Chemist: 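One structure, as structure tokens, below. Some questions next.
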Amino acid sequence: MPEAEVPHSAAPPFERAPRHVAIIMDGNGRWAAARGLPRGEGHRRGVEALRRTIRAASELGIRFITIFSFSAENWTRPANEVGELMGLLRRFIRNDLAELHRSGVRVRVIGDRDGLDPDIGRLLIEAEELTKNNGGLTLVVAFNYGARQEITRAAKRIAEQVANGSLTPAEISMETVGALLDAPDIPDPDLVIRTSGEQRLSNFLLWQSAYSELVFVPTYWPDFDRAALEAAIREYQQRERRFGGLVAKTGS
Ligand code: FPP
């Protein structure tokens, strides 16, 4: 795939960097197929792209980055690929957590922890606990995540509160729902990037992306780099954000 067209900027960070960038890291399999390599190699190179992107996001002054690393629907892939993706998460946390911590990154995890191998559940808790007081970039890892499932979990909890009398139906508001999502304290994404040329959200952050700018780039995820991130941010900065009103708000 062609590299991003926009040349590397010599003068980051951006003045109006989006506060929160969410990324659908797509195209690992096609990247590998184009090179006659197994899909797993695409995912491994995808982890390298992730490292580059985290570093670049920190340097560009982005405060939150959410990555779609395993969807609730990815369980339908062949068992060996699911196993590889689980193995990559294990290795990512074991190999990279100390460095992320040193760089001041705070790790958060969204998605359904039930159904994950217990050791993965423990690693996710370890990553969150170790980094919880860090003040740098917040890395939100969406793992076993699906937005409809997340909203359904919130709906069940609201139903429980109504059933036990702690909430009345009239009191239910958008804030009630938002507060019961997986990471209610994280601001909504300003920018959602999807790589690989596909143009859909695929059950990613459906509630939170109501007013996000969507940028679709042709680059396969393993080729994604700082220049591609900067190009996506430039496109975001050219958009007018009106949030349903009339006054344009560009940037965050
Ligand atoms: C989509 O590419 C990507 C995924 C399903 C997984 C994303 C995972 C990584 C980038 C590496 C793992 C990172 C962590 C932290 C676990 P695809 O396989 O759907 O590509 P295709 O559409 O070309 O087949």
Side-chain angles (χ1 to χ4, degrees), residues 1-2 21-57 64-101 103 105-113 115-117 119-128 130-131 137-147 149 192-205 216-225 228-229:
M1 291 301 289
V21 177
I23 308 183
I24 302 174
M25 309 181 289
D26 196 12
N28 296 346
R30 278 165 286 166
W31 181 94
R35 289 159 180 79
L37 297 169
R39 292 177 59 81
E41 188 55 26
H43 295 314
R44 276 187 288 282
R45 295 292 288 265
V47 176
E48 291 173 20
L50 175 59
R51 291 191 184 105
R52 286 196 294 273
T53 304
I54 292 169
R55 210 174 311 121
F64 302 87
I65 184 164
T66 299
I67 50 156
F68 205 2
S69 31
F70 190 85
S71 81
E73 290 75 25
N74 284 156
W75 295 106
T76 60
R77 295 191 176 203
N80 71 319
E81 185 168 344
V82 170
E84 279 174 336
L85 288 166
M86 294 293 155
L88 282 179
L89 179 76
R90 286 186 179 95
R91 281 199 292 283
F92 178 68
I93 296 181
R94 288 191 189 125
N95 297 340
D96 289 51
L97 182 59
E99 173 60 25
L100 290 170
H101 184 43
S103 318
V105 172
R106 180 175 64 135
V107 178
R108 296 285 299 275
V109 181
I110 58 173
D112 191 355
R113 313 264 178 126
L116 295 177
D117 286 350
D119 72 302
I120 291 196
R122 284 194 294 274
L123 283 171
L124 296 177
I125 291 170
E126 182 191 334
E128 289 188 303
L130 179 71
T131 62
L137 175 80
T138 296
L139 171 66
V140 184
V141 180
F143 200 79
N144 194 18
Y145 175 84
Q149 291 84 341
V192 177
I193 301 171
R194 183 174 189 145
T195 59
S196 90
E198 306 291 343
Q199 302 194 359
R200 55 181 173 271
L201 286 175
S202 298
N203 203 16
F204 184 51
L205 301 179
F216 301 105
V217 301
T219 315
Y220 291 147
W221 175 251
D223 287 331
F224 198 81
D225 59 9
L229 179 63

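Read the numbers this way: they start at 1 and go in the same order the structure lists the ligands and their atoms. Note that the structure is a prediction, hence the values are computed from the model and not measured.
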Chemist: At less than 4.0 angstrom from any non-hydrogen atom of Leu50, what atoms of ligand 1 do you find?
Modeler: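 Near Leu50, the atoms of ligand 1 are 15 (C).
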Chemist: Return a yes/no value for Trp31: is any of its N or O atoms, backbone included, closer than 3.5 angstrom to an N or O of ligand 1?
Modeler: no
Chemist: Test of understanding: with ring-ring contact (aromatic ring centres under 6.0 Å, His included), list the residues that count as partners of Trp31, not counting sequence neighbours.
Modeler: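 Testing Trp31 for ring-ring contact (aromatic ring centres under 6.0 Å, His included), a comparison that skips the adjacent residues, returns none.
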Chemist: Could you tell me whether Glu48 and Arg51 make a salt bridge, using a distance below 4.0 angstrom between a side-chain N and a carboxylate O?
Modeler: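 Salt bridge flag = no for Arg51 with Glu48.
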Chemist: Determine whether any heavy atom of Gly27 lies closer than 4.0 Å to an atom of ligand 1.
Modeler: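 It does; at least one heavy atom falls under 4.0 Å.
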Chemist: Please write down residue, atom name and distance for the protein heavy atom closest to atom 1 (C) of ligand 1.
Modeler: Met25 O, 3.2 Å
Chemist: So which protein heavy atom does atom 10 (C) of ligand 1 come closest to, and at what separation?
Modeler: Asn28 ND2, 3.4 Å
Chemist: What part of Asn74 sits under 4.0 Å from ligand 1 if we count only heavy atoms: the side chain, the backbone, both or neither?
Modeler: side chain
Chemist: From atom 20 (O) of ligand 1, work out which of Ala32, Gly29, Ala49 has a heavy atom at the shortest distance.
Modeler: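 It is Gly29 that holds the nearest heavy atom.
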Chemist: Determine whether Leu124 and Arg113 make a side-chain contact, defined as any pair of heavy atoms from C-beta on separated by less than 4.5 Å.
Modeler: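 The answer is yes; the side chains approach within 4.5 Å.
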Chemist: Identify, by atom number and element, the atoms of ligand 1 in contact range of Trp221, meaning under 4.0 Å from any of its heavy atoms.
Modeler: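 Checking each atom against Trp221, I get 10 (C).
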Chemist: Using atom types as modelled and distance alone, determine if a side-chain donor or acceptor of Asn144 lies under 3.5 Å from a backbone N or O of Gly111.
Modeler: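 It does not hold such a pair.
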Chemist: Check if Arg44 has a non-hydrogen atom at a distance under 4.0 Å from any atom of ligand 1.
Modeler: no
Chemist: Looking at Asp225 and Arg52, is there a salt bridge between them, counting it only when a charged N and a carboxylate O are closer than 4.0 Å?
Modeler: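 Looking at Asp225 together with Arg52, the answer is no, because their closest N to O distance does not fall below 4.0 Å.
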Chemist: Looking at Val141, is its backbone amide N or carbonyl O close enough to the side chain of Ser69 to form a donor-acceptor pair, meaning the two atoms are under 3.5 Å apart?
Modeler: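 Side chain of Ser69 to backbone of Val141, a donor-acceptor pair under 3.5 Å: no, none is there.
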Chemist: Regarding Asp112 and Gln149, is there a side-chain donor-to-acceptor distance under 3.5 Å anywhere?
Modeler: no
Chemist: I'd like to know if the side chain of Trp221 reaches the main chain of Thr195, judged simply by a donor and an acceptor atom lying under 3.5 Å from each other, with no hydrogens or angles considered.
Modeler: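 Checking the backbone N and O of Thr195 against the side chain of Trp221, no donor-acceptor pair under 3.5 Å is found.
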Chemist: Which residues pass the side chain to side chain donor-acceptor pair (under 3.5 Å) test with Thr138, not counting sequence neighbours?
Modeler: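 Checked Thr138 against side chain to side chain donor-acceptor pair (under 3.5 Å); matches are Arg106.
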Chemist: Mark up the atoms of ligand 1 that fall under 4.0 Å of a heavy atom belonging to Arg39, in ascending order.
Modeler: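 With Arg39 as reference, the close atoms of ligand 1 come out as 17 (P), 18 (O), 24 (O).
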Chemist: At under 4.0 Å between heavy atoms, is it the side chain or the backbone of Phe70 that contacts ligand 1, or both, or neither?
Modeler: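 Near ligand 1, Phe70 shows nothing, with every heavy atom at 4.0 Å or more.
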Chemist: Kindly identify the option in Ala142, Gly40, Ser69, Gly87 whose heavy atom sits closest to atom 7 (C) of ligand 1.
Modeler: Ser69
Chemist: Answer yes or no: is there a donor N or O on one side and an acceptor on the other, between the side chain of Ser71 and the main chain of Gly146, under 3.5 Å?
Modeler: no
Chemist: Which one holds for Ile67 and ligand 1: side chain close, backbone close, both close, or neither close, with close meaning a heavy atom under 4.0 Å?
Modeler: neither
Chemist: Checking Glu128 side chain against Val109 main chain: does a donor-acceptor pair fall under 3.5 Å?
Modeler: yes
Chemist: Check contact between Glu198 and ligand 1, using heavy atoms of the residue and a distance below 4.0 angstrom.
Modeler: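 Contact check Glu198 vs ligand 1: negative.
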Chemist: Return the option from Arg51, Arg77, Arg30 holding the heavy atom at the smallest distance from atom 17 (P) of ligand 1.
Modeler: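 Looking at heavy atoms only, Arg77 sits closest to atom 17 (P) of ligand 1.
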Chemist: Just to confirm my output: which protein heavy-atom neighbour is closest to atom 13 (C) of ligand 1, and how far is it?
Modeler: Val47 CG2, 3.9 Å
Chemist: What atoms of ligand 1 come within less than 4.0 Å of a heavy atom belonging to His43?
Modeler: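 Atoms satisfying the 4.0 Å criterion: 11 (C), 18 (O).
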